[in-house]
Amino acid sequence: MSRKLRAAVAQLGPIHLADSREAVVKRLCALLREAHSAGVKFVVFPELALTTFFPRYWMTDQAEIDRYFERDMPSPETRALFDLAKELGIGFYLGYAELTQEKGAPRHYNTSILVDPDGRIVGRYRKIHLPGHSEHLPQAPFQHLEKRYFDVGNEGFRVWRMQGAVMGMCICNDRRWPEAYRVMGLQGVEIVALGYNTPIENIHHREPEHLRMFHHLLSLQAGAYQNAAWVLAAAKCGAEDGHAMIGGSAIVAPTGEIAALALTEEDELIATNLDLELGEYLRRTVFNFEKHRRVEHYGLITSRTGAKTEV
Ligand code: ING
């Protein structure tokens, strides 16, 4: 019996410093309505989908930094999104900056949630692979201060059953690390949802710009195929106050094939009927983990952090 889920990736164009959360939520709701008119039941929104990509800015005042974070979810501004999704019977993935208290101390996470069609938060993920740097790079054209503004996620890579599928989450830079997909693959993930904000320019090393899109798609396709899972990736893209980020939102099949690809750097919805059985033959044959993996030879993957050549 084939299980199908009609899903979409809702790409966001730029969110500028001057754009309010209310204005952004109106855009998210418009994408939800478009999804509903296309018969879509699950939507993936981007990473940090409520504000501009603020880690590009050097800030030292914690109150200024905290203005980009949500203390509650749904927040007053996102309540309208949750209510509309419930009215339309659509589940969704949403990325945002989470400010919470742990043991009486503030903690800042780059977070994503899975919300079911009844508007309930069924899963939460806090970004583990934080790229960039924590010190100010005054010579750089912009900063990438995720290591400064966020704590490392403390809840691992998990999966949840939602809308008849086994769903997992990651965020942006996580998609470049095979470990992220494999930990979910070892839990039987069928759909990996992720959002991203990827600057076109590499501030650390002069690099041809076309490689940004190549490495982005390569990472999605490899992760999907090697774990026989659908990968749904939503960009926030275009030039935010002049800072350009790549588009390339995509729906990638468990075969590694690109099933849908965004064409613009604006708000854009791409949709596909996910056949949740499509990866099954791969899990039974080439990626039958139980049959083929040899964990006795993989020890370095969890015992060694950095590469070390001992010959
Ligand atoms: N952004 C980028 C990403 O991983 C980056 C940062 C780009 C790191 C290119 C390395 C190479 O897509 C986020 N937000 O992680």
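When a ligand or atom number is given, it counts from 1 through the structure's own listing order.
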Colleague: Find all atoms of ligand 1 within a distance of less than 4.0 Å from any non-hydrogen atom belonging to E47, and give their numbers and elements.
Modeller: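 By the 4.0 Å cutoff, the relevant atoms are 14 (N).
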
Colleague: What protein heavy atom lies closest to atom 7 (C) of ligand 1? Include the residue and the distance to one decimal.
Modeller: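 Going by distance alone, atom 7 (C) of ligand 1 is nearest to R176 NH2, 3.5 Å.
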
Colleague: Is the shortest distance from a heavy atom of H129 to ligand 1 less than 4.0 Å?
Modeller: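 Outside the 4.0 Å threshold, so no.
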
Colleague: Would you call the rings of Y225 and F287 parallel, tilted or perpendicular, taking 30° and 60° as the class edges?
Modeller: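 If you compare the ring of Y225 with that of F287, the planes turn out perpendicular.
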
Colleague: I'd like to know if E277 pairs up with R3 as an ion pair, taking the criterion as any Lys NZ or Arg NE/NH1/NH2 lying under 4.0 Å from an Asp or Glu carboxylate oxygen.
Modeller: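 Counted as a salt bridge, because a side-chain N and a carboxylate O are separated by less than 4.0 Å.
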
Colleague: Given 3.5 Å as the limit, does a donor-acceptor pair link the side chain of N197 with the main chain of E47, or not?
Modeller: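 Answer holds: yes.
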
Colleague: Are D267 and R27 within salt-bridge range, i.e. N to O under 4.0 Å?
Modeller: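 R27 and D267: salt-bridged.
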
Colleague: Evaluate R212 for polar contact with ligand 1, using N/O atom pairs at a separation under 3.5 Å.
Modeller: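 In this structure, R212 places no N or O atom under 3.5 Å from an N or O of ligand 1.
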
Colleague: Does the plane of the ring in H243 sit parallel, tilted or perpendicular to the ring in F142? Use 30° and 60° as the thresholds.
Modeller: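 Judged by the thresholds at 30° and 60°, the geometry between H243 and F142 is perpendicular.
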
Colleague: Under the side chain to side chain contact (heavy atoms under 4.5 Å, CB included) test against I171, which residue among Y109, Y93, Y196 passes?
Modeller: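 Among the candidates, only Y93 passes.
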
Colleague: Take every heavy atom of H215, measure it against each atom of ligand 1, and state whether any distance is under 4.0 Å.
Modeller: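 H215 does not count as a contact of ligand 1 under the 4.0 Å cut-off.
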
Colleague: List ligand 1 atoms under 4.0 Å from K127, heavy atoms only on the residue side.
Modeller: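 In order of numbering, the contacting atoms are 13 (C), 14 (N), 15 (O).
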
Colleague: Starting from atom 8 (C) of ligand 1, find the nearest protein heavy-atom neighbour and note its residue, name and distance.
Modeller: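 Result: N173 ND2, 3.3 Å.
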
Colleague: Going from CG on L217 to CZ on R212, what distance comes out if it is rounded to the nearest 0.5 angstrom?
Modeller: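 L217 CG to R212 CZ: 13.5 Å, rounded to 0.5 Å.
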
Colleague: Could you identify the single nearest non-hydrogen protein atom to atom 12 (O) of ligand 1 and state the distance to 0.1 Å?
Modeller: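 Result: T198 OG1, 2.7 Å.
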
Colleague: Check each atom of ligand 1 against the heavy atoms of E146 and keep those under 4.0 Å away; list them by number with element.
Modeller: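 Atoms satisfying the 4.0 Å criterion: 13 (C), 14 (N), 15 (O).
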
Colleague: For atom 13 (C) of ligand 1, what is the nearest protein heavy atom, given as residue, atom name and distance?
Modeller: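 For atom 13 (C) of ligand 1, the nearest protein heavy atom comes out as C172 SG, 2.8 Å.
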
Colleague: May I ask you to decide if A235's main-chain N or O and S249's side chain share a donor-acceptor pair within less than 3.5 Å?
Modeller: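 Yes, the answer is positive, given that a donor and an acceptor are paired below the 3.5 Å cut-off.
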
Colleague: Give me the residue, atom name and distance of the protein heavy atom closest to atom 1 (N) of ligand 1.
Modeller: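 Result: N197 O, 2.9 Å.
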
Colleague: Which residue owns the protein heavy atom closest to atom 6 (C) of ligand 1, what's the atom, and how far is it?
Modeller: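 Among all protein heavy atoms, the one nearest atom 6 (C) of ligand 1 is H144 CE1, 3.6 Å.
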
